[in-house]
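All remarks here apply to the structure that follows.
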Amino acid sequence: MIQVLFFAQLRELLDCDSIELPAQAVHVAGDLVPVLVTARPHWAEVLQSKPWLVSVNQTMAKSTTGVNDGDEVALFPPVTGG
Amino acid sequence: MIQVLFFAQLRELLDCDSIELPAQAVHVAGDLVPVLVTARPHWAEVLQSKPWLVSVNQTMAKSTTGVNDGDEVALFPPVTGG
Amino acid sequence: MMERDALQDLVQVQRDDFSVAEHYQRLQQAAGNTGAVVFFVGTVRAESETDPVLALELEHYPAMTEKSLRSLVVEARSRWSLDAITIVHRVGKLAVGQQIVLVAVSSRHRDEAFLSARFLMDTLKTQAPFWKKEHRRSGAYWVAAREQDDAAVAEWRQGNR
Amino acid sequence: MMERDALQDLVQVQRDDFSVAEHYQRLQQAAGNTGAVVFFVGTVRAESETDPVLALELEHYPAMTEKSLRSLVVEARSRWSLDAITIVHRVGKLAVGQQIVLVAVSSRHRDEAFLSARFLMDTLKTQAPFWKKEHRRSGAYWVAAREQDDAAVAEWRQGNR
């Protein structure tokens with residue numbers, strides 16, 4: 001399984017902290033949004049409204065970054081700390 | 001009269017904190033070294049060894065900056081604070 | 001939640017306030033008073049007079065935050081010769097005027113201290129997983145990322161800062 | 001020997017040590033916690049292991065020193081939007097590790113705080129009438145001005161920093 005976490009505005013819009021996805025559907029970070037939309041069609045509008053950032057195992061990822069079984073993945077808006 | 005102050009290495013090399021010069025000899029800051037050399041020939045070597053900085057009334061001056069009776073002028077090496 | 005990189009470095013994410021005086025002392029001791037120290041402190045601003053920010057809520061991604069800050073410290077050390085680095089970032093709800101973040105660097109030379117402290121703040125703003133929500137009288141709003149913050153990091157990457 | 005420019009600004013030349021904590025507090029209060037504070041502190045370095053600096057003697061031109069520092073403050077305010085500025089510079093004999101100079105700026109935005117603090121240090125180094133004499137085991141030596149310090153100021157004047 002792949003653990004998917006949501007943060008900040010995205011967490012609020014989906015009203016969800018995290019979900020699990022079967023590992024076989026997700027090969028790279030760019031697969032996440034389409035797989036999530038298939039799993040939760042009512043999230044389509046929010047997930048496709050902006051290019052959310054993705055991290056894989058707590059490191060910023062590109063859409064081509066590989067995702068493996070057991071990984072922790074997160075989706076979130078651009079960061080605004082400091 | 002014009003009050004001439006010396007600081008740091010220049011003060012040590014001349015072994016002098018300050019002297020007074022008659023105002024009529026000095027029109028601009030660039031006159032200072034030649035006038036001082038005339039007044040104190042044994043200072044010639046030190047005064048002509050480097051381009052010392054000049055201030056007029058506590059403001060950094062160029063060689064063309066005017067000098068008037070009653071002004072306070074200073075000669076010193078490049079500054080090294082901070 | 002404390003992690004050390006080089007023994008001289010301190011990266012900390014915390015709910016409580018921090019003491020600039022204590023961190024200044026720690027940094028100087030860790031670095032051996034090496035010549036130049038630059039400190040940056042960011043505080044919560046009211047922003048607007050008509051609808052002022054009353055408080056700021058800082059969310060973060062705990063498992064990732066310190067990891068990402070430590071990687072910025074490693075990158076700063078690869079760019080400049082630095083003696084000690086401190087990054088402290090608060091999370092939770094902060095009132096106007098409260099301290100949010102501290103970045104401090106000690107180096108033998110002032111240019112390196114200034115550049116690296118600015119680099120750490122610029123990259124922290126766009127790469128560390130913190131999110132700000134403003135609580136104003138009229139409601140609560142997530143802060144939008146600023147394009148000039150991304151531009152600043154691009155300039156560092158291209159060697160133009 | 002204390003002079004204020006804007007009411008928020010403090011320019012001070014003194015023999016005694018200064019407290020970073022107290023000056024941080026004063027600056028934040030004077031500025032009204034406006035968002036970004038950058039502090040620079042310079043300390044006496046040993047420089048060499050074989051013939052270390054034991055102490056630094058700082059001479060200045062008392063009638064000119066604060067006047068020149070105040071003019072740098074005025075120039076910084078003309079370049080950036082700043083809320084409060086502090087410059088403290090010590091004179092007299094200072095042991096290795098002791099604090100020499102503090103430059104601190106508060107601004108609404110971090111870029112302006114970083115730039116103005118660096119500008120003040122760069123210009124102070126080449127324009128304020130201080131001279132350093134190093135006391136080493138082998139003797140006492142006047143510190144030579146560094147060409148790169150003049151180059152830094154030239155870059156500011158040309159708008160390249």
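Order of the sequence lines sets the chain letters (A, B, ...), proteins ahead of strands, with each chain counted from 1.
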Task: Structural part of Glu22(D) lying under 4.5 Å from a heavy atom of chain C - done: neither
Open item on the list: What's the separation between atom CD in Gln28(D) and atom OG1 in Thr43(C), rounded to the nearest 0.5 Å?
Closed with: 5.0 Å
Open item on the list: With a sphere of 6.0 Å drawn around CZ of Arg137(D), does it hold more than 12 non-hydrogen atoms of other residues, nucleotides or ligands?
Closed with: no
Open item on the list: Nearest 0.5 Å, please: how far is CZ in Arg161(C) from CG in Asp111(D)?
Closed with: 5.0 Å
Task: Rounded distance (nearest 0.5 Å) linking atom CZ of Arg110(D) with atom CG of Asp149(C) - done: 4.5 Å
TODO: To the nearest 0.5 angstrom, please state how far the CZ atom of Phe40(D) sits from the CZ atom of Phe39(C).
DONE: 12.5 Å
- [ ] State whether the number of non-hydrogen atoms from other residues, nucleotides or ligands found under 6.0 Å of Arg146(D) atom CZ is greater than 12.
- [x] yes
Task: Leading residue by heavy atom contact count with chain C [cutoff under 4.5 Å; candidates Ala36(D), Gly35(D), Ala152(D), Ala21(D)] - done: Gly35(D)
Task: Per-residue contact mode, Val20(D) against chain C (heavy atom under 4.5 angstrom) - done: side chain
Task: Partner chain C: residue of Ala46(D), Gly97(D), Gly42(D) with the largest heavy-atom pair count (under 4.5 Å) - done: Gly97(D)
TODO: Pick one of side chain, backbone, both or neither for Gln25(C), based on which atoms fall under 4.5 Å of a heavy atom in chain D.
DONE: neither
- [ ] Please say whether more than 12 non-hydrogen atoms of neighbouring residues, nucleotides or ligands are located less than 6.0 Å from CZ in Arg15(C).
- [x] no
- [ ] Just give me the residue among Val101(D), Val44(D), Asp122(D) that pairs up with chain C most often, heavy atom to heavy atom, under 4.5 Å.
- [x] Asp122(D)
Task: Nearest-0.5 Å distance, CG of residue Leu115(D) to CZ of residue Phe114(C) - done: 10.0 Å
Open item on the list: What's the separation between atom CD in Gln148(D) and atom NE2 in His109(C), rounded to the nearest 0.5 Å?
Closed with: 8.5 Å
Open item on the list: Does any backbone or side-chain atom of Ala117(C) lie under 4.5 Å from a heavy atom of chain D? Answer side chain, backbone, both or neither.
Closed with: both
